[in-house]
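Since the structure comes first, as structure tokens, the remarks are kept for the end.
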Amino acid sequence: MVENGFAYLAVLMLVASSIVFVEKKTRHKLFEYLPAIVIIYFAVILLSTFGLWKKSDSVTATYKFLKSNLLPAMIFLMLLSADMREIFKLGKKMLLTFFLASVSIAIGFIGTFALFHTYFDPDSWKPFAALSGSWMGGTANMVAIQGALDLPDSAMGYTLLIDSIDYAIWVMILLALVPFSKKFNLWSKADTSIIDEVGERLALKEESKKPISFSSLFILLSVGLVASVFSQYVASFLPTTSFLTTTTWVVIIATLTGVLFAMTPLAKLSGSSILANMILYLIVALIASRANFTELTEAPLYIIAGFVIIAIHVSIMVLFAKLFKLDLFSLGVASLANIGGVASAPILASAYSKALIPIGVL
């Protein structure tokens, strides 16, 4: 049993990196439906269930230190690749589709929670809040909201369970629908010429980026850590309430800092996404290490609620597709960009055309 904090960190890093290595080395089809980050979560929670490490003072201190300091750095680095100016260039119809996906998912959460809340614990809104963060932008959002709400890691088990199982099935459905895109577009009377043009432009921009270098990674890592220190320092001076805690302020400041720096020359340095994902994978492993499967007594009900959220989301998307002549590619990628995030949206985009991968990323 591991009781030393450094050994605990080494085990988590080894598990996470091994799974990522297997994904890249084998390129097995399993990873198209269950990305490495999902498998990391299940692997670590399984090890936690079997008691590989003990919640000793050293382990707990390492967990708290890493999570509190790495979370703002991850948010900052993740947002460096989200230049708002580029996003607005996608065009009105595509932006409408992406925002529609987020709004319809939000409506799905509100409707589902109104139907099911009496069957859950009084504090069940917190796991659903964290899940809404994940399903409106990805795992990084989920982790940020968990920190902002001080949601216990044991309760996060439900969030990650729905996020993994329901999401994996939804990815399979969206990939299975790709061959029917022409029929759907005829039904919705969609025009795909703008998408093709944007895809080509973004592909050329990606090709012009400088390759990742030692110096760029070093600078980005140092700036990310400084952004974490800055966010925590400023947050310590801001007023707090039962809703706006110090951690919430840290998340907000790190987010705003990342959005602003995404429009500076710093964003041109390659490697921010790689560093952000490394930190994200470690944070997910840390979260999973504090939970175990025996605590998930209401798992089936949470999984059903997740599918109801997706059903409401899909119904609204299809309705608006007919009203605004939206194409299946935009609908699918917008949905997966929210529910799956950067790990899966490009996979779906590539199933339509390699030229459209940058749209999935953006």
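Start at 1 with the first residue, then count along the sequence.
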Worksheet item: Hey, what do you get for CD1 (Ile339) to OG (Ser102), rounding to the nearest 0.5 Å?
Response: 10.0 Å
Fill in: Same cluster (ILVMFWY, side-chain, under 4.5 Å), Phe6 and Leu282
no
Worksheet entry | With sequence neighbours excluded, residues passing salt bridge (Lys or Arg N to Asp or Glu O under 4.0 Å) with Lys67 | Asp153
Practice prompt. Just do the side-chain contact (heavy atoms from CB on, under 4.5 Å) check on Phe329 and Ser181 with the steps written out, would you?
Written response: CA-CA 7 Å; Phe329 165 79; Ser181 59; over 6 Å; no
Discussion item. For a 4.5 angstrom cut-off between non-hydrogen side-chain atoms, does Leu286 reach Tyr8?
Written reply: yes
Fill in: Cluster link Ile173 to Trp135, ILVMFWY, side chain under 4.5 Å
yes
Practice prompt. Kindly say whether Phe109 contributes a backbone atom to a donor-acceptor pair with the side chain of Thr112 at under 3.5 angstrom?
Written response: no
Worksheet entry | Phe113 atom CZ: more than 12 heavy-atom contacts under 6.0 Å | yes
Worksheet item: For residues Asp327 and Ser330, is any side-chain donor paired with an opposing acceptor at under 3.5 Å?
Response: yes
Worksheet item: Within a radius of less than 6.0 Å around CG of Asp150, do more than 12 heavy atoms belonging to other residues, nucleotides or ligands occur?
Response: yes
Practice prompt. State, with a plain yes or no, whether a side-chain heavy atom of Thr246 is found less than 4.5 Å away from one of Gln232.
Written response: no
Fill in: Straight-line distance of Ile212 CD1 to Ser270 OG, nearest 0.5 Å
6.0 Å
Item to complete: Check step by step if ring-ring contact (aromatic ring centres under 6.0 Å, His included) holds for Phe184 and Trp187.
Response: CA-CA 5 Å; Phe184 184 92; Trp187 172 77; 5.4 Å; yes
Discussion item. Measuring only between side-chain heavy atoms, which start at C-beta, is Lys54 closer than 4.5 Å to Val2?
Written reply: no
Worksheet item: To the nearest 0.5 Å, what is the distance between CZ (Phe128) and CD1 (Ile145)?
Response: 14.0 Å
Worksheet entry | Criterion ring-ring contact (aromatic ring centres under 6.0 Å, His included) on Tyr302 and Phe116, from CA distance to verdict | CA-CA 9 Å; Tyr302 273 91; Phe116 286 89; 9.8 Å; no
Worksheet entry | Asp121 side-chain N/O to Ser124 backbone N/O, donor-acceptor pair under 3.5 Å | no
Discussion item. Just by distance, no angles: are the side chains of His313 and Ser335 close enough, under 3.5 Å, to form a donor-acceptor pair?
Written reply: yes
Discussion item. Between Met74 and Leu275, is there a side-chain heavy-atom distance shorter than 4.5 Å?
Written reply: no
Worksheet item: Is the number of heavy atoms from other residues, nucleotides or ligands within 6.0 Å of NZ (Lys325) greater than 12?
Response: no
Discussion item. Can you tell me how far apart OG (Ser222) and CG (Leu217) are? Round to the nearest 0.5 Å.
Written reply: 10.5 Å
Practice prompt. Please check if Val229 and Leu266 belong to a single hydrophobic cluster, counting links between Ile, Leu, Val, Met, Phe, Trp and Tyr side chain heavy atoms closer than 4.5 Å.
Written response: no
Fill in: Donor-acceptor contact present, side-chain Thr60 to main-chain Asp57, <3.5 Å
no
Discussion item. Tell me whether the rings of Phe218 and Phe214 are parallel (<30°), tilted (30 to 60°) or perpendicular (>60°).
Written reply: perpendicular
Worksheet item: Any side-chain donor paired with an acceptor under 3.5 Å for Ser56 and Ser58?
Response: no
Item to complete: Fit a plane to each ring of Phe76 and Phe261, take the angle between them on a 0 to 90° scale, and name the class: parallel (under 30°), tilted (30 to 60°) or perpendicular (over 60°).
Response: perpendicular
Worksheet entry | Smallest separation among heavy atoms of Ala262 and Ala267, with atom names | O-CB, 3.3 Å
Worksheet item: Do Ser216 side-chain atoms and Leu269 backbone N/O form a donor-acceptor pair below 3.5 Å?
Response: no
Worksheet item: Going by heavy atoms in the side chains, are Leu238 and Ile253 under 4.5 Å from each other?
Response: yes
Fill in: Between CD1 on residue Ile75 and OG1 on residue Thr257, distance to nearest 0.5 Å
10.0 Å
Fill in: Under 3.5 Å donor-acceptor, Asn185 side chain and Leu328 backbone
yes
Discussion item. Distance check, rounded to the nearest 0.5 Å: Ile304 atom CD1 versus Ile309 atom CD1?
Written reply: 12.0 Å
Worksheet entry | Check: Ile45 and Phe50 side chains under 4.5 Å, non-hydrogen atoms | no
Discussion item. Is there a path of hydrophobic side-chain contacts, each under 4.5 Å between heavy atoms of I/L/V/M/F/W/Y residues, joining Ile110 to Met317?
Written reply: no
Item to complete: State, with a plain yes or no, whether a side-chain heavy atom of Ser104 is found less than 4.5 Å away from one of Ile312.
Response: no
Practice prompt. Taking atom types as modelled, find out whether Ser231 and Ser228 have a side-chain donor-acceptor pair closer than 3.5 angstrom.
Written response: no
Worksheet item: Given the rule in the ring-ring contact (aromatic ring centres under 6.0 Å, His included) test, do Phe324 and Phe320 qualify, once you have shown the distances and angles that lead to the verdict?
Response: CA-CA 6 Å; Phe324 293 97; Phe320 274 79; 5.6 Å; yes
Worksheet item: Do the non-hydrogen side-chain atoms of Leu12 and Ser289 ever get within less than 4.5 Å of each other?
Response: yes
Fill in: Cluster overlap Tyr281 with Met13, hydrophobic side-chain contacts below 4.5 Å
yes
Practice prompt. Give the minimum heavy-atom separation between Ala114 and His117, together with the two atoms involved.
Written response: O-ND1, 3.2 Å
